[in-house]
Amino acid sequence: MMNTIAEDFFKKIVDDANTAFLYAESSVPNSLHSKEYVVKYANQKAQNFFSISSNRNESKSLGEIVKYDEVLILANKVLEVGGEENFNIIVKEDNNLHNYNVRITSVNTGLLFALTLLKPDFITDKESKLPLGNLESRKRELEISSLFGIRVLDSNDSIICYLKPIFNKKGAVEDFRIDYINNRMGEIANEESALIEGQTILEYYPNNLENGVLEILADGYISGENKEYTKEFIFDEEVIWLTTRAIKMNDGLILFSKDVTQEKKYEEQLFIQNRLLSEAERVANIGSFRWNLSKKEVKYSDNVYRLFGYDPNEFDDKYDRLLSFLHPNDVQKVKSSFKESKKHKTKSDLVFRIYTKSSELRYMNTIGEYYQKDGNWYMVGVIRDVTKEIEGESKLQIKNSELKRTNADLEAFNRVASHDLQEPLRKIQMFVSRLDEEEQGRLSNRSLGYLAKIKSSSDRMRSLINNLLAYSKVDELIEQPKRVDLNDVLNNVLEDLGELINDLNAEIDATSLPVVNGIQFQLEQLFANLIGNSLKYVKEGVQPHIKIKSSVISGSKSSEDSLLPNINYVKLQFIDNGIGFEKKYQEKIFQIFQRLHGKTEFSGTGLGLSICKKIVQSHNGSIVAKGELNKGAEFTVYLPTLL
C-alpha cells in the first residue's frame with residue numbers, strides 16, 4: 001500500500017514538473033543507435049513535447065518521435081562513451097521560437113532525456129537603466145521586441161534564413177532544415193515563407209545537391225568558417241541569381257542572400273559587348289588603350305598585344321615598355337609627340353615603326369584624346385596596324401612614277417605619230433600620186449596594180465595613225481563635261497554620214513533622246529563609230545535598217561555587273577540588220593586592233609569599237625555588244641543620267 005502511494009506521489013511530482021522527462025531502453029541488446037530505443041516512460045510534459053500518447057500499450061521508438069537529428073546524434077555519443085550531454089536547441093512552437101536545455105544521461109541500460117524550457121532573465125538590478133516592472137510587462141516588452149525584430153528582418157532587402165543541420169548515421173551533415181526565413185524569399189519565389197519553413201533545403205530545392213550549395217553549407221557548418229557563393233536558381237521558370245553569405249551561429253547557420261539577377265544581366269550584357277568589341281578589333285586589325293598619365297600605366301585591349309605579336313597580357317602595362325618596341329630612329333619622335341600632346345592636352349595622331357616579338361618590322365598608327373576624371377588625366381585611343389597601307393602607298397608612288405614615265409612616252413608617241421610618222425607618209429602619198437600622173441599610159445597593168453596597193457596601204461596607214469591618236473587622246477579632257485543633248489549629237493552625225501546613208505539607201509529610226517553630262521565631240525565620235533559600223537557591215541541585197549532606242553533604268557535592276565546599283569542610267573540601243581557576229585566575239589570585239597573580218601573584205605583598222613569603249617568608260621558608263629551571225633548586231637550604251 002505504501003509503495004503504491006509512493007509511486008502515485010512520485011508520478012504527481014514528476015508530471016507537475018516544468019521539465020519534460022523521457023526514459024527509453026533499447027529494443028536490440030547493446031544497440032548503439034538511439035533511433036532503435038523504445039520509450040518506456042514519459043511524463044506529461046514529454047508527452048506534449050514529443051506528441052506521444054499516454055497509452056502504455058503503444059510503444060514508440062526515438063526514431064519516430066524525435067524530430068531533431070542533433071538530439072539523436074548526441075544520444076548516440078552518450079551510448080558510445082557514456083556520461084551525459086548538455087546542450088540547447090531552438091524549437092518553433094505556435095509561431096514562436098523557444099529555447100530548450102536538453103540533458104541526455106545514460107541510466108542503467110537506457111537513456112534519460114530531460115528538456116527544460118529556458119525563460120529569459122530580466123534585469124531587476126537597481127543599477128539598470130531599464131525601468132522596473134513586473135514579469136507580465138517584461139514579457140510584453142519581449143514580445144514587442146520579437147515582433148519588431150521580425151518586421152526588421154522582413155523589411156530587409158536580403159533573404160535571411162536560419163538553417164539547422166541534419167546528420168546521417170555517420171555524423172555527417174546530409175541536409176539542413178529551414179527553421180526561419182523572412183518574407184523576402186516569398187516575394188522572389190512567389191510562395192509564403194510559412195510554407196517554406198520546416199522543409200529541408202533539398203526538399204524545397206533538390207538542385208541544391210547538384211549545384212554545390214549543400215556541400216558549401218556543410219563545410220561552413222563543420223569548419224565554422226564564413227562562406228560566400230553566387231548561384232543560379234529557377235523559380236516558376238524564372239532565373240534568379242543569389243549571392244549568399246553563410247555564417248555559423250550557435251548550432252545552425254544564418255544565411256544572408258541578395259538578389260543579383262539584374263547585376264548578372266548587366267554583367268552578361270557587358271561581357272557580350274566586350275566580346276563583340278574584342279572581335280571587332282580583331283577583324284579590323286586595331287586595338288584600344290587607356291593611359292593613366294599620373295601613374296604612367298597603359299591598359300591595353302587584348303588585340304593590342306596581338307598586334308605586337310604577343311598573347312594578351314604577356315607584357316607589362318608600363319609606358320616605358322611600349323617605348324622598348326619602337327624602331328630606334330622613331331623613339332625620339334614618339335617621345336616628343338606625346339610630350340607636346342600631354343602638355344597642351346591636344347589630340348595625338350602619330351605613325352611609328354615597331355618590332356614585334358618575332359622581330360618583324362611593322363608600322364603603327366595611334367590616335368588618342370585626353371579626358372579628366374577624379375582629378376587625374378587619361379588618354380584613350382586606338383592603335384592600328386597600317387603596314388599594308390604604307391606599303392601599298394609606297395607601291396602606288398612607284399606605280400605613279402611609272403605611269404608618269406608611260407604618259408611621257410605616250411606624249412612622245414603622239415608627237416611622233418602626229419608629225420614624224422605622218423610627214424614621210426604624206427611624201428609617199430605625194431610621190432605616188434605624181435608617179436601615177438607622170439607615167440600615165442606608160443605603166444603596165446602590173447605596175448599600176450602595185451601603185452594602187454601602195455596608195456591603199458598608205459591611206460590605211462594614215463587612217464590607223466589618226467585612230468591611234470584619237471584613242472590615246474580620249475582621256476585627255478581638255479574641256480569640262482557639260483549638258484549635252486543627244487538629239488543634237490545624232491543630227492550632227494547623220495549630217496556627216498549623209499552621203500553614205502543616201503548611197504546605201506539606209507533607213508535610220510531614232511526615238512527622242514535625253515540630255516546627258518559629257519563631252520560633245522566624244523559623244524559624236526561614239527555615235528559616228530557605232531552608226532558607221534552598222535553602215536559598213538551590211539548584208540548584200542538587204543536595205544540597211546538601224547534603230548536607236550533610249551530609256552532610263554536603275555543600276556540595281558540591270559543585269560550588267562559593271563553598273564552601280566544606286567545610280568540611274570540612260571540606256572541607248574543601236575540595233576541593225578547587218579551581218580552580225582558570233583556570240584563568242586561579244587567581249588573580244590572591243591579589244592584594240594581586233595578585227596573579225598579580213599582587210600580585203602571590209603576596210604578599217606580595228607580601233608573603232610575600242611575607241612567607243614574608252615569614250616563610254618571616260619563618261620563613267622558601260623557598253624556591251626550582242627549579235628547573231630547574219631541576223632544583225634546590237635550595241636547597248638549605259639551613261640549616267642543627270643538625275
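Any value given below was found using the heavy atoms of this structure, including those in side chains, with hydrogens, waters and symmetry copies removed. These numbers were taken from a predicted model, which means no experiment stands behind them.
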task: For the residue pair Asn365 and Asp349, confirm or rule out a side-chain donor-acceptor distance under 3.5 Å.
output: yes
field: Evaluation steps, side-chain contact (heavy atoms from CB on, under 4.5 Å), between Leu572 and Leu486
entry: CA-CA 10 Å; Leu572 302 173; Leu486 294 182; 3.7 Å; yes
- prompt: Under 6.0 Å from the CD atom of Glu232, do we count more than 12 heavy atoms belonging to anything else shown?
  reply: yes
query: Is there a side-chain contact (heavy atoms from CB on, under 4.5 Å) between Tyr355 and Leu361 once you walk through the steps?
result: CA-CA 5 Å; Tyr355 286 106; Leu361 182 65; 3.9 Å; yes
field: Separation between CG of Leu526 and CZ of Phe521, rounded to the nearest 0.5 Å
entry: 12.0 Å
query: Should the heavy atoms of other residues, nucleotides or ligands under 6.0 Å from CD of Glu495 be counted, would the total exceed 12?
result: no
message: Has Ser341 got a side-chain atom pairing as donor or acceptor with Thr346's backbone, closer than 3.5 angstrom?
response: yes
task: Hey, can you tell me if Phe635 and Phe581 have their rings parallel, tilted or perpendicular (30° and 60° cut-offs)?
output: tilted
query: Quick one: side chain to side chain contact (heavy atoms under 4.5 Å, CB included) partners of Leu396, sequence neighbours excluded?
result: Asn400
- prompt: Sub-3.5 Å donor-acceptor pair from the side chain of Thr243 to the main-chain atoms of Thr230, do we have one?
  reply: no
task: Report yes if the side chains of Asn492 and Gln520 come closer than 4.5 Å at any heavy-atom pair, otherwise no.
output: yes
field: Test item: Val484 and Asp488 side chains (from C-beta on) under 4.5 Å apart, heavy atoms
entry: no
task: Step through it carefully: locate the ring centre of Phe289, locate the ring centre of Tyr300, and say whether they are under 6.0 Å apart.
output: no
- request: Mark yes when over 12 heavy atoms from residues, nucleotides or ligands other than Lys549 sit less than 6.0 Å from its NZ; otherwise mark no.
  value: no
- line: Hits for side chain to side chain donor-acceptor pair (under 3.5 Å) against Glu360, two or more places apart or cross-chain, chain-then-number order -> Arg362
Side-chain heavy-atom pair Val637, Leu530 within 4.5 angstrom cut-off: yes
- request: Evaluate the criterion side-chain contact (heavy atoms from CB on, under 4.5 Å) for residue pair Tyr638 and Val616; output intermediate values, then yes/no.
  value: CA-CA 8 Å; Tyr638 298 93; Val616 171; over 6 Å; no
task: With sequence neighbours left out, write down each residue that passes side chain to side chain contact (heavy atoms under 4.5 Å, CB included) with Gln372, or none if nothing qualifies.
output: Trp377
task: May I ask you to check whether Thr261 and Asp259 show a side-chain donor-acceptor distance below 3.5 Å?
output: yes
- request: Go through the structure and list residues passing side chain to side chain contact (heavy atoms under 4.5 Å, CB included) with Lys357, not counting sequence neighbours.
  value: Tyr310, Glu314
Extract all donor-acceptor atom pairs below 3.5 Å that involve side chains of residues 332-340 and protein atoms in other chains or at least two apart in sequence.
from	atom 1	to	atom 2	distance (Å)
Gln332	NE2	Ser336	OG	3.4
Lys333	NZ	Val351	O	2.8
Ser336	OG	Gln332	O	2.9
Glu340	OE2	His344	NE2	3.0

query: Do the side chains of Asn292 and Tyr378 get nearer than 4.5 Å, heavy atoms only?
result: yes
task: Kindly write out the residues that satisfy salt bridge (charged side-chain N to carboxylate O under 4.0 Å, His left out) with Glu634, not counting sequence neighbours, or none if the list is empty.
output: Lys626
field: Note, Asp576 side chain near Tyr537 side chain (heavy atom, < 4.5 Å)
entry: no
- prompt: Is there a donor-acceptor pair closer than 3.5 Å between any side-chain N or O of His327 and the backbone N or O of Asn329?
  reply: yes
task: Please tell me if the side chains of Met364 and Val386 come closer than 4.5 Å, counting only heavy atoms from C-beta onward.
output: no
message: Taking the side chain as everything from C-beta on, heavy atoms only, tell me whether Ser512 gets closer than 4.5 Å to Asn487.
response: yes
- request: May I have the step-by-step check of side-chain contact (heavy atoms from CB on, under 4.5 Å) for Arg384 and Ile367, ending in yes or no?
  value: CA-CA 9 Å; Arg384 184 167 61 98; Ile367 301 175; 5.8 Å; no
- request: Could you tell me whether the side chain of Asp330 and the main chain of Arg353 form a donor-acceptor pair under 3.5 Å?
  value: yes
- request: Find out whether Ile531 and Leu490 are in side-chain contact, i.e. whether some heavy atom of one side chain is under 4.5 Å from a heavy atom of the other.
  value: yes
task: Identify which one of Asn517, Ile623, Leu523 satisfies the side-chain contact (heavy atoms from CB on, under 4.5 Å) criterion when paired with Leu639.
output: Leu523
- prompt: Is atom NZ of Lys231 surrounded by more than 12 heavy atoms (other residues, nucleotides or ligands) closer than 6.0 Å?
  reply: yes
